Amino acid sequence: MLGNMLDTMQLNEQQQKAVECKDAAGMVDTSPLLIIAGAGTGKTNTIAHKTAQLILNGESPDKILLVTFARRAAGELSSRANRIIEQQQYKKNKNKQRHQPIKMSWMGTFHSISARLLREHATAIGLESDFTIMDRNDSADMMDVIRHELNFTSTDRRFPKKKTCLDIYSRCVNSQQALEDILDAHFPYCREWHQELKTLFATYAKAKMEQICLDYDDLLLYCYHMAQVPQIAQQIRDQFDYILVDEYQDTNVLQAGILMGFFPTGKGLTVVGDDAQSIYSFRAANVDNILTFPEQFSPPARVISLTQNYRSHQSILDLSNALLSEGSEGYKVALFSERKSGAKPKLVTVEDDTKQAEYIVETLLAAREQGVELKKQAILFRASHHSDRLELELTRRNIPYVKHGGLKFLEAAHVKDLLSIIRWADNPKHKISAFRILKLLPSVGPKIADKVINMLTEKQYVFSELLDFPVPALAKTLFLELIKVVSAIGNNEIGWSAQVNQVISVYKTLLEINYDDHFVRFGDIEQLAQISQQFSSRERFLTELTLDPPQSTGDLSGPPLIDDDFLILSTVHSAKGQEWNNVYVLNVADGNFPNEYAAGDKRSLEEERRLLNVAITRAKNELHLIHPMRYWVPEQQRHGDQHVYGAKSRFLTEGIMQLLEATQFPRRELNEKEKKVATAAITDIKKTVLGIWNE
DNA sequence: CACCCAAACTTTTTT
DNA sequence: AGTTTGGGTG
C-alpha cells in the first residue's frame, strides 16, 4: 500500500540509518531513538525492516513490543516484516525451505496491549482478570443511567447529553487534568454543571468497579498506575528488549506515562511519528510528547528524520511544506520528491454543495475514463455528514463507494442487542447489557428490567434463580428461554460455537417482535455469527471486537463487495496512513478548515492546519481542494433553513495561493454555438416526448 | 407501567 | 436529522 513496491526491499540512506542503529564505533546501539517520518516517507517499511532486522539478528519475537495506532497497521506491519525476513533468508542460503512465519505476539494498540498486561497482572494489583471492556456506547449508556438516578435530568436548564458527559470525563482522564480546566478549555457551555459532573463521574467510576467493567480510558489509566508499581514495572521491563511505538505524535499523557513508567531509561525504545500529522488532540493526544521526547533522557535521544517522499510529486509537497512553514511549532521537516513534475493542486470554487457533488462526480468519472480506477480515488472531509449530499449523487448515478468513519456495524441496534446477550452471559454484573436485553421483551420496560437486575444481584448473580421471577405474562416464555440460554453460556456448559447458535435462536424472536425490518437485520446477525467463529473463545471475541471495531460493514464480509471497483469516502482522521492517486477534499472553507470551534485557540488552530496537511499529503497525483461559496450547516437551526456563506479558509494565504491553481465550476458559460445546439436539442426532445401522446 | 407521539434541542474528529 | 424529554393513553 505504502510507497513504491519496488522500494520495499531497498532503503534510502536515512531509512538505513534508522533501521541499523549502530553507534559511531559500529556497535549495536540501544539508546532511545526518535524517528521523524514525514508523510509518505516509507515509515511502515522502515519499521518493518527494523523489526525484521532484529529478528534476523537472533532476537526473539516475544521480546519485541510493537505498539501501533490501529490494529490494521499492526497486520500490515507484521506481514511486511515477514516478507522481508523471508527474502533475506532466501538471499543468504538460497534454500527453498520457507521459514515459519514469525508471530509477533506483543503487537497491538496501547489499549489492547494494556488490556493484555492487565489481565496477566490483574491479581497483583487487586483487579479481577475477567473484567469486561466497555465500548464508547456502553460507557455512554452507563452515564445515562447514572445521571437519571442522580436526578440531573429534570431541571429547568438542560444537562449535557450522555455523549458529552463521557467526552468530558474521557478528556479529564486522558489528559490527567482537573475537570474545571477541561471545562474552561473545551466545554465552556457546560461550565455551570461542574459540580453535578463531578458527582456523576465519581458515581460512574464506582459503578464500573462494581460491575467489573473497564472502559477504554480505564485500560490506559490502570496500566499507567500499574507502571508506577516498581516490582511489576521491573517484571515488564525484563520482558522486552526492544520497544517500537508508531504514531507517537498521537499519544496522550497517559500513554507516554505508561512508556516512561515501564522503560524509564529508554533502552531499546524507538518511537516513530510525525508531529505535522498530529490530529488527535480531541482524544487528549499531546504533540508535546513527540516534541519533547529527546529531552526525556540523558543524554537526549537521537533524532533521525526521513524526508524523501515516495508518494506525491513535488508540487503537492510544496503546498504541504508551505502550509506547515506558516505554522508556529514543530520540527518543520521539509519533504522532497524525485517526481518533479505533476499537476498543480487545484482550488475549485463552486456555488454550493450540490455543485460540489456535481464537480466531483464529473471529475472522477472523467479520471476513470482516463484509466484511474475508482479505488485509486478518494473523497476526504472533516465531518462524517459532509458527504451526505455527495452520497446521494453517487447513489443516483450508481457509483459504488465505501465510507470510512461513518456508521459502524457495531452501532446498529440489533448488533448491539446480540452482543449484549453474550456480554451479560459473560459477566452477569454487566447491568447495561442486562437492561438492554430485558427491555426487548414484550411489556417489559425500565421498571421491570430494573427489578430483575436487582433480584439477580440479591441472588449472587446465579441466573437460574431468576426462573421464577414474576414477569408479565406476555414475556414469560421468552424470558424463561433467555435466562436458560444465558445461564448455560455463563456456566460454559457448551462450546463457543454452540453458545452463539443458542443466542441467535433466542434473539431471532426478539428481533421479529421489536423491529419491522427484521429481515434485513437478520442478515447482519448471521454475518456476526460468522465472524464470531474466527475467535477461539468468548472472551477473545468480546475483547477484540470492542478494541478493534470493524471500520465498515464491508470489512466484515471481506473483499467481495458489491463491485470490485469502488470509491473511498473517508474522514480525514480515518484517512491517516493511506494514499490515493486522486484526492478531493470537501468544504475547504473557514468553519471547516479550520473548524469554527477550533479557530479561537492557538493550539487547536495549529492542529487544524495539520489536519489539512494530512488531507493534502494523501494525494499521489491530483489534488482538488473544493471551496463551496455556500454550504448547508445542519446545526444552525436558529433561523431554520439556512445556508452559511463559507469564507475562504484562512490557511489559504497569498503565499499558498501561488501554489494552487484556482478554478471555478461550472467552468464557463456555453458559447453561442453550443447554446444553439442545446436549444435545438431540447426542442426536439420535448417534441419527441410529447409526441408519444399525439400519435 | 409500557408504549407512542410531539416538541425541544442540538459542537467534528475515534482507539 | 437524530436524540432526549415530557405528556397522554391504554
Side-chain angles (χ1 to χ4, degrees), chain A residues 67-74 108-115 133-137 139-140 144 147-148 153-164 166-168 170-171 174 186-190 215-217 219-220 247 250-252 254-255 278-285 380-386 388 404-408 410-411 438-451 472 474-475 514 544 546-549 551 570-576 587 591-600 604 607-608 610-611 614-615 632-638 641:
Chain A
V67 188
T68 55
F69 185 75
R71 193 72 120 253
R72 214 172 255 266
T109 59
F110 265 102
H111 290 86
S112 72
I113 303 259
S114 297
I133 301 171
M134 296 198 290
D135 67 9
R136 286 300 268 191
N137 289 306
S139 310
D144 198 35
R147 78 194 175 133
H148 276 110
T153 40
S154 38
T155 42
D156 42 341
R157 290 270 297 132
R158 208 166 166 127
F159 197 71
K161 289 203 289 198
K162 60 178 180 184
K163 246 197 101 214
T164 313
L166 186 63
D167 286 346
I168 300 172
S170 191
R171 199 146 185 160
N174 281 300
H186 305 286
F187 302 88
Y189 65 101
C190 298
D215 62 19
Y216 284 154
D217 309 326
L219 291 174
L220 301 181
E247 307 281 10
D250 287 322
T251 54
N252 61 37
L254 276 182
Q255 291 164 324
S278 169
I279 53 176
Y280 277 85
S281 75
F282 69 92
R283 235 169 68 186
L380 304 183
F381 35 86
R382 175 71 221 245
S384 224
H385 68 263
H386 286 164
D388 289 353
H404 291 266
L407 178 80
K408 309 270 171 13
L410 292 182
E411 279 162 20
L438 291 169
K439 274 195 307 183
L440 292 176
L441 296 166
S443 59
V444 174
K447 279 282 146 63
I448 294 176
D450 207 45
K451 279 185 196 158
L474 274 171
N514 287 282
E544 305 280 313
T546 30
L547 286 180
D548 185 32
Q551 292 288 305
S570 172
T571 58
V572 179
H573 283 88
S574 304
K576 190 156 80 160
N587 297 338
N592 279 315
F593 291 99
N595 186 296
E596 55 187 316
Y597 304 114
S604 340
E607 175 152 320
E608 297 292 310
R610 297 190 293 260
L611 195 63
V614 169
W632 171 243
V633 180
E635 302 92 54
Q636 292 267 321
Q637 92 295 334
R638 273 203 307 270
D641 189 36

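This structure is a prediction, so every number in the text was calculated from the model and none was measured.
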Sugar-phosphate only, base, or nothing, as touched by [X] at under 4.0 Å among non-hydrogen atoms:
X: A/Pro472; answer: nothing
X: A/Phe187; answer: nothing
X: A/Tyr189; answer: base
X: A/Leu220; answer: nothing
X: A/His148; answer: sugar-phosphate
X: A/Lys576; answer: nothing

Nearest-angstrom distance from the residue atom [atom1] of [X] to [atom2] of [N]:
X: A/Lys163; N: C/dT3; atom1: NZ; atom2: C1'; result: 11 Å
X: A/Asn514; N: B/dA2; atom1: CG; atom2: C1'; result: 13 Å
X: A/Arg136; N: B/dT15; atom1: CZ; atom2: C1'; result: 9 Å
X: A/Asp217; N: B/dT14; atom1: CG; atom2: P; result: 16 Å
X: A/Asn137; N: B/dT15; atom1: CG; atom2: C1'; result: 13 Å

Practice prompt. For A/Arg136, enumerate each residue passing the side chain to side chain contact (heavy atoms under 4.5 Å, CB included) test, keeping only those at least two apart in sequence or located in another chain.
Written response: A/Leu166, A/Asp167, A/Ser170, A/Tyr216, A/Asp217

Contact list (N/O, under 3.5 angstrom) for nucleotides 3-6 of chain B vs protein:
from	atom 1	to	atom 2	distance (Å)
B/dC3	OP1	A/Ser443	N	3.1

Fill in: Face-to-face contact A/Phe282 to B/dT12 six-ring, under 5.5 Å, under 30°
no

Fill in: Residue whose nearest DNA chain B nucleotide is more 5′ - A/Thr164 or A/Gln255
A/Thr164

The side chain of [X] lies closest to which of these nucleotides: [options]?
X: A/Lys447; options: B/dT14, C/dT5, B/dA2; value: B/dA2
X: A/Ala383; options: B/dT14, C/dT4, B/dT12; value: B/dT12
X: A/Asp167; options: C/dT4, B/dT14, B/dA2; value: B/dT14
X: A/Arg382; options: B/dT11, B/dT13, B/dC1; value: B/dT13

Under the 3.5 angstrom rule, does the side chain of [X] hit a backbone N or O of [Y] as a donor-acceptor pair?
X: A/Asn252; Y: A/Gln255; answer: yes
X: A/Ser114; Y: A/Phe110; answer: yes
X: A/Ser281; Y: A/Ala284; answer: no
X: A/Arg610; Y: A/Ile279; answer: no

Item to complete: Just jot down the salt bridge (Lys or Arg N to Asp or Glu O under 4.0 Å) partners of A/Arg171, sequence neighbours excluded, or say none.
Response: none

Item to complete: For A/Glu544, check salt bridge (Lys or Arg N to Asp or Glu O under 4.0 Å) against everything at least two apart and list the hits.
Response: A/Arg71, A/Arg540

Practice prompt. Considering non-hydrogen atoms only, spot the tightest contact between A/Cys190 and A/Thr164 and give its length.
Written response: SG-CG2, 4.2 Å

Fill in: Heavy-atom closest pair, residues A/Phe282 and A/Glu607
N-OE2, 4.4 Å

Item to complete: Ignoring backbone atoms, test whether A/Lys161 places a side-chain nitrogen or oxygen under 4.0 Å from the OP1 or OP2 oxygen of C/dG2.
Response: no

Discussion item. Taking 4.0 Å as the cut-off, does a side-chain nitrogen or oxygen of A/Arg147 come that near to OP1 or OP2 on C/dT5?
Written reply: yes

Could you go over nucleotides 8-10 of chain C and give all protein N or O partners under 3.5 Å, atom names and distances?
none

Discussion item. Can you check the distance between C/dT4 and B/dT13, where both ends of the measurement are the P atom (answer in whole Å)?
Written reply: 16 Å

Worksheet item: Mind checking what makes ring pair (Phe, Tyr, Trp, His ring centres under 6.0 Å) contact with A/Phe69, not counting sequence neighbours?
Response: A/Tyr280

